[in-house]
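Beneath this line is the structure, given in structure tokens, with notes to follow.
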Amino acid sequence: MTVKELTQAQLLALKQAYLMERLDREENRCPSWGELADADELVSDEEVFSEYEGVMFSEDDLLIND
């Protein structure tokens with residue numbers, strides 16, 4: 001499935017992973033628990049869609065089964 005076909009829970013998990021990578025790369029730090037909880041507001045859908053365009057995901061990639 002593509003990034004646009006992910007469920008809301010899978011998209012949130014991907015946003016959390018992306019936020020962790022971004023903060024590590026840009027600020028050399030890990031996100032707080034609060035930032036992870038707010039990942040849906042801190043990382044836009046468009047940002048994730050752009051970053052993962054062309055990537056094919058499987059059910060096992062995000063370990064979330066809705």
Side-chain angles (χ1 to χ4, degrees):
M1 73 187 89
T2 68
V3 67
K4 291 184 179 181
E5 297 171 314
L6 298 176
T7 66
Q8 284 300 109
Q10 290 168 328
L11 185 59
L12 177 57
L14 186 58
K15 285 181 176 186
Q16 290 170 331
Y18 178 75
L19 180 62
M20 289 175 22
E21 290 176 24
R22 188 177 75 189
L23 289 176
D24 182 50
R25 179 180 64 244
E26 294 175 2
E27 300 178 23
N28 196 32
R29 69 178 184 91
C30 294
S32 68
W33 287 110
E35 288 170 319
L36 288 175
D38 293 337
D40 204 31
E41 289 103 33
L42 297 173
V43 179
S44 70
D45 289 354
E46 293 77 20
E47 189 174 2
V48 172
F49 293 162
S50 175
E51 181 71 20
Y52 294 97
E53 184 177 352
V55 174
M56 295 301 293
F57 294 93
S58 73
E59 290 294 325
D60 296 331
D61 288 333
L62 298 170
L63 299 176
I64 295 175
N65 297 316
D66 288 318

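- Here the side chain of E21 pairs no donor or acceptor atom with the backbone of Y18 at under 3.5 angstrom.
- Counting only heavy atoms from C-beta outward, the side chains of T7 and L11 never approach each other to under 4.5 Å.
- In terms of hydrophobic clustering, with Ile, Leu, Val, Met, Phe, Trp and Tyr side chains grouped at heavy-atom distances under 4.5 Å, F49 and L12 are assigned to different clusters.
- Here OG of S50 is found 12.5 Å from CG of D45. Values are rounded to the nearest 0.5 Å.
- Hydrophobic clustering (ILVMFWY, side-chain heavy atoms < 4.5 Å, transitive): L42 and V3 are in one cluster.
- Counting all heavy atoms, side chain and backbone alike, M1 lies closest to S58 at CE-C, 4.4 Å.
- A distance of 11.0 Å separates CG in D24 from CG in L19, rounded to the nearest 0.5 Å.
- In the displayed structure, E53 atom CD is contacted under 6.0 Å by at most 12 heavy atoms of other residues, nucleotides or ligands.
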If you apply the rule salt bridge (Lys or Arg N to Asp or Glu O under 4.0 Å), what do you find for R29 with E35, and how did you get there? CA-CA 12 Å; R29 69 178 184 91; E35 288 170 319; 2.9 Å; yes
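- No chain of hydrophobic side-chain contacts below 4.5 Å, direct or via other Ile, Leu, Val, Met, Phe, Trp or Tyr residues, connects V48 to L36.
- In this structure, CG in D40 is found 7.0 Å from CD in Q8, a value given to the nearest 0.5 Å.
- Of the possible polar contacts, one joining the K15 side chain to the V43 backbone as a donor-acceptor pair under 3.5 Å is found.
- Hydrophobic cluster membership differs between M20 and F57, with clusters built from Ile, Leu, Val, Met, Phe, Trp and Tyr side chains linked at under 4.5 angstrom.
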